[in-house]
Every structure is written in C-alpha cells, then in structure tokens.
Amino acid sequence: MDNQQKEVLIQNYLKAYNAFDIEGMLKDFDPDIRFKNISNKNVDLETYGLITFKKQAELAAKLFASRKQIPLGYEHEGNKTTVPIYYEAVLAIDFPNGLKAGQKIELNGKSHLEFEGDKIITLIDES
C-alpha cells in the first residue's frame with residue numbers, strides 16, 4: 001500500500017469518527033485490530049479485535065455531543081504512519097474528573113497507525 005492509499009484510509013476513519021459513524025470507522029480495520037489509548041503517558045485503554053473495539057467505540061460515542069479529529073500532517077515510515085491530531089469535543093455527560101456536560105475540550109495528540117495489506121492493523125491514540 002502506498003502512502004496516498006494509507007492517507008485515504010486514515011481520512012475515511014476520521015470522517016466516520018467525526019460523524020459518530022461506528023460502522024464507517026471499522027470499515028478499513030483488520031478483524032484483529034489492536035487499539036491503545038495513551039493519556040499523559042499512561043495506557044488507559046487497550047482492546048484487541050474488531051468486536052471489542054466496536055463495543056468501546058459505541059460506549060465512547062455516548063460521552064460526546066460533538067467531536068472532531070483534524071489531521072495536521074502525515075509522517076510515513078514503512079507500513080506505519082503517525083498523524084499529529086488536533087482534537088476538540090463537547091461533552092455530553094459529566095465526567096468523574098470534574099469536567100461537565102456541555103464543556104468544550106481541546107487538545108493535541110498523535111495517532112500511530114500500522115497497515116497490513118489493505119487494512120489498518122494497529123491504532124494507537126496518544127494525548
């Protein structure tokens with residue numbers, strides 16, 4: 001897969017993510033997708049497999065009234081791509097850490113993706 005094809009898969013995923021389209025998010029994932037979320041250098045979520053990832057994505061979607069990931073570029077190296085991301089969301093519920101429903105959050109992070117064949121096999125989100 002060339003870099004342009006990787007970017008199309010990433011853009012398809014982000015478009016679906018921003019639209020809360022869970023099925024669209026999964027379209028280009030390998031059945032054995034490995035997902036990891038890292039916040040402040042701590043792994044706070046890790047899933048293996050499409051079914052587990054889908055369940056987590058459905059739960060996460062309920063937390064936000066709106067959300068948007070905007071890619072700020074693409075850094076390709078072999079079958080891996082790192083995407084600096086600007087993220088903003090409006091919370092749909094109150095969070096245990098004191099954040100309140102209706103509050104807007106903004107942050108910068110990175111997504112690390114690994115590809116095999118025509119599928120995404122690993123997604124690691126870092127913020």
Side-chain angles (χ1 to χ4, degrees):
M1 173 180 308
D2 66 26
N3 292 342
Q4 184 176 359
Q5 291 168 312
K6 291 175 195 169
E7 290 177 18
V8 168
L9 293 187
I10 294 165
Q11 291 164 4
N12 289 344
Y13 167 75
L14 293 176
K15 181 179 178 184
Y17 177 92
N18 293 345
F20 295 90
D21 174 6
I22 306 298
E23 293 302 322
M25 289 170 55
L26 305 176
K27 182 174 66 105
D28 296 313
F29 282 0
D30 186 83
D32 295 323
I33 184 72
R34 178 176 161 246
F35 172 74
K36 187 184 292 187
N37 191 75
I38 302 170
S39 297
N40 298 318
K41 301 187 184 205
N42 296 312
V43 176
D44 58 13
L45 176 66
E46 198 164 1
T47 67
Y48 295 96
L50 204 55
I51 292 169
T52 307
F53 181 87
K54 180 180 181 181
K55 287 178 185 175
Q56 178 55 39
E58 289 169 343
L59 289 172
K62 295 175 184 175
L63 303 176
F64 303 101
S66 67
R67 63 186 186 183
K68 188 184 317 183
Q69 289 191 55
I70 300 170
L72 303 176
Y74 301 93
E75 302 162 9
H76 301 287
E77 188 174 318
N79 68 333
K80 297 178 181 178
T81 301
T82 296
V83 184
I85 296 279
Y86 167 75
Y87 180 80
E88 66 179 36
V90 175
L91 304 179
I93 64 167
D94 293 344
F95 279 56
N97 65 1
L99 297 175
K100 300 291 182 192
Q103 188 172 345
K104 182 177 181 179
I105 59 171
E106 298 176 89
L107 56 91
N108 289 299
K110 288 186 179 184
S111 291
H112 307 277
L113 300 98
E114 188 173 350
F115 301 85
E116 188 173 281
D118 62 348
K119 297 291 184 186
I120 298 168
I121 61 169
T122 302
L123 171 60
I124 301 171
D125 286 337
E126 226 183 316
S127 62

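Sequence positions, counted from 1, serve as the residue numbers for this chain.
- Stacking of R67 on the aromatic ring of Y87 is not recorded, the 6.0 Å distance cut-off and the 45° axial limit not both being met.
- The two residues A57 and I22 have their closest heavy-atom pair at O-CD1, 3.7 Å.
- In this structure, the separation between CG on N79 and CD1 on I120 is 12.0 Å, given to the nearest 0.5 Å.
- Among E126, E75, K80, the one residue that satisfies the side-chain hydrogen bond (donor to acceptor under 3.5 Å, both in side chains) test with H112 is E126.
- Atoms CG and CD, on D125 and Q69 in that order, are 5.5 Å from each other to the nearest 0.5 Å.
- In terms of heavy-atom proximity, G24 sits nearest to A16 at C-CB, 3.5 Å.
- Residues Y17 and L113 share a single hydrophobic cluster, defined by chaining ILVMFWY side chains whose heavy atoms lie under 4.5 Å apart.
- I33 is not connected to V43 by any chain of hydrophobic side-chain contacts under 4.5 Å among Ile, Leu, Val, Met, Phe, Trp and Tyr, and they are in different clusters.
- For the atom pair NZ of K36 and CG of L45, the computed distance is 11.0 Å after rounding to the nearest 0.5 Å.
- Distance check: L91 CG to I93 CD1 gives 8.0 Å after rounding to the nearest 0.5 Å.
- Scanning both residues, G73 and P84, for their nearest heavy atoms gives O-CD, 3.5 Å.
- Among residue pairs with one or both ends in residues 45-61, those qualifying as side-chain hydrogen bond (donor to acceptor under 3.5 Å, both in side chains) are E23-K54, E46-Y48; sequence neighbours excluded.
- The minimum heavy-atom distance linking V83 with P71 is given by the pair CG1-CB, 3.6 Å.
- In this structure, the ring of F29 has its center less than 6.0 angstrom from the ring center of Y13.
- L14 and F115 end up in the same hydrophobic cluster when Ile, Leu, Val, Met, Phe, Trp and Tyr side chains are linked at under 4.5 Å.
- Residues I124 and I85 fall into different hydrophobic clusters, defined by Ile, Leu, Val, Met, Phe, Trp and Tyr side chains chained together at heavy-atom separations under 4.5 Å.
- With hydrogens and angles left out, the side-chain atoms of D44 and N37 include a donor and acceptor closer than 3.5 Å.
- Remark: the backbone N or O of K27 is paired with a side-chain donor or acceptor of K119 at under 3.5 angstrom.
- A distance of 14.5 Å separates CG in L99 from NZ in K104, rounded to the nearest 0.5 Å.
- Of the inter-residue distances, the one linking D2 atom CG with H76 atom NE2 reads 9.0 Å to the nearest 0.5 angstrom.
- Listed here is the closest heavy atom pair of L107 and S127: CD1-CB, 3.6 Å.
- For the side-chain hydrogen bond (donor to acceptor under 3.5 Å, both in side chains) with Y74, the qualifying choice from Q4, E7, Q11 is Q11, the only one to do so.
- Both F35 and L63 are assigned to one and the same hydrophobic cluster, defined by single-linkage of ILVMFWY side chains at heavy-atom distances under 4.5 Å.
- By the 6.0 Å contact criterion, CG on N40 is open, its count of non-hydrogen atoms from other residues, nucleotides or ligands being 12 or less.
- Annotation: salt bridge (charged side-chain N to carboxylate O under 4.0 Å, His left out) contacts of K6 (sequence neighbours excluded): none.
- When every heavy atom of A92 is checked against every heavy atom of K62, the shortest pair comes out as CB-O, 3.7 Å.
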